[in-house]
Every structure is written in structure tokens, then in C-alpha cells.
Amino acid sequence: QLQLVESGGGLVQPGGSLRLSCAASGFTLDYYAIGWFRQAPGKEREGVSCISASGDSTNYADSVKGRFTISRDNAKNTVYLQMNSLKPEDTAVYYCAAAPLPRKRMSTIQARCPEGYEYDYWGQGSQVTVSS
């Protein structure tokens with residue numbers, strides 16, 4: 001079965017840190033761009049960050065720039081989202097997704113993350129709650 005599984009969410013105080021993991025099973029992430037999204041109650045899904053297949057290009061939403069870091073370890077078939085200086089407004093369900101982009105599109109990730117329709121696989125989500 002081809003799937004992505006997120007882990008690492010939880011409850012953290014404002015200013016704290018969490019690291020989310022996105023692990024693939026049934027397929028290799030080597031050729032996929034990976035995106036992280038989040039959705040808070042009553043709000044639309046928001047793109048948070050993305051990383052190219054090789055890991056040499058990344059992109060971040062303005063709301064998380066300087067606080068979140070995306071990385072990947074293709075040997076472990078896993079992508080990470082390190083979240084520091086967390087704020088209550090970061091509270092959401094976080095999802096990872098995998099996009100099999102053509103090489104030309106992959107090279108543009110630094111300027112623009114893949115759109116939702118470009119992703120083939122989605123995880124089930126991991127809850128992150130930032131509260132005192």
C-alpha cells in the first residue's frame with residue numbers, strides 16, 4: 001500500500017519546538033517534491049513549505065519563514081519539518097504530500113511550491129496545538 005504517514009505532532013507551549021516527520025511506505029520519495037500543508041478549524045488549507053526531490057531547493061510561506069525548516073533524508077525515505085518559536089496561530093492539522101514533478105517544474109520550487117493538484121499522495125495529518 002502506497003502511503004505517507006506523519007508523526008511528531010502534539011501539544012506545545014508558545015515559543016516551543018516540534019519536529020514533524022513524513023515517512024513513505026510502498027514507494028520511494030527520491031523522485032518526489034514534498035510539501036507540508038496545514039489546516040486550522042474553519043480555515044482553508046494553507047501551504048507551509050516544500051522541498052525538491054534532491055533537497056537543494058526549498059520554499060516557505062511568509063508566516064513561517066525564519067521559524068520552520070524543511071529537510072529530507074532520502075536514505076530514510078522521510079521528510080521533516082522542524083518548527084521553532086511556535087505561536088498559537090500555528091495550531092492546525094499538518095499534512096505532507098508528495099508530487100512527482102517533471103524536472104523543469106522541479107527546478108522552479110524555490111519560486112513556487114507545487115499546487116495542490118500536483119500532489120499524488122497525501123498523509124492523514126498530524127495535530128499540532130500551541131497553547132499555554
Less than 3.5 Å apart, which donor and acceptor atoms pair up between the side chains of residues 79-87 and the rest of the protein, not counting sequence neighbours?
{"from": "Gln82", "atom 1": "NE2", "to": "Asn84", "atom 2": "OD1", "distance (Å)": "2.9"}
{"from": "Asn84", "atom 1": "OD1", "to": "Ser17", "atom 2": "OG", "distance (Å)": "2.9"}

Applying a strict under-4.5 Å side-chain criterion to I, L, V, M, F, W and Y, I'd like to know whether [X] and [Y] cluster together.
| X | Y | result |
| --- | --- | --- |
| Ile51 | Tyr119 | no |
| Leu2 | Leu4 | yes |
| Leu18 | Tyr94 | yes |

Scan the side chains in residues 19-34 for donor-acceptor partners under 3.5 Å anywhere in the protein, sequence neighbours excluded, and list what turns up.
{"from": "Thr28", "atom 1": "OG1", "to": "Asp30", "atom 2": "N", "distance (Å)": "3.3"}
{"from": "Thr28", "atom 1": "OG1", "to": "Asp30", "atom 2": "OD1", "distance (Å)": "3.0"}

Side chains of [X] and [Y] in contact at under 4.5 Å (non-hydrogen atoms):
| X | Y | answer |
| --- | --- | --- |
| Glu118 | Arg105 | yes |
| Pro88 | Pro14 | yes |
| Val5 | Gln3 | yes |

> Considering residues at least two apart in sequence or located in another chain, which fulfil the side-chain contact (heavy atoms from CB on, under 4.5 Å) criterion with Lys43?
Replying inline: Ala40

>> Restricting to side-chain contact (heavy atoms from CB on, under 4.5 Å), what partner residues turn up for Ser54, sequence neighbours left out?
In response: Ser52, Asp56

> So, is the end of the Arg45 side chain (NZ or CZ) under 6.0 Å from the ring centre of Phe37 and within 45° of the ring's axis?
Replying inline: yes

Give, for atom [atom1] of [X] and atom [atom2] of [Y], the distance between the pair rounded to the nearest 0.5 Å.
| X | Y | atom1 | atom2 | value |
| --- | --- | --- | --- | --- |
| Tyr95 | Glu46 | OH | CD | 13.5 Å |
| Cys96 | Tyr121 | SG | OH | 13.0 Å |
| Gln13 | Thr129 | CD | OG1 | 13.0 Å |

> Under the salt bridge (charged side-chain N to carboxylate O under 4.0 Å, His left out) test, which residues partner Lys65, sequence neighbours left out?
Replying inline: Asp62

> What's the shortest heavy-atom distance between Arg38 and Val64, and which atoms?
Replying inline: NH1-CG1, 3.9 Å

>> If you compare all heavy atoms of Asp90 against all heavy atoms of Arg67, which two are closest, and at what distance to 0.1 Å?
In response: OD2-NH1, 2.7 Å

Per-pair distances, 0.1 Å, donor-acceptor, side chain in residues 109-116, under 3.5 Å, sequence neighbours excluded:
{"from": "Arg112", "atom 1": "NH1", "to": "Glu115", "atom 2": "OE2", "distance (Å)": "3.3"}

> Are any side-chain N or O atoms of Thr78 and backbone N or O atoms of Lys76, one a donor and one an acceptor, separated by less than 3.5 Å?
Replying inline: yes

> Would you say Ser49's side chain and Asn59's backbone share a donor-acceptor pair under 3.5 angstrom?
Replying inline: yes

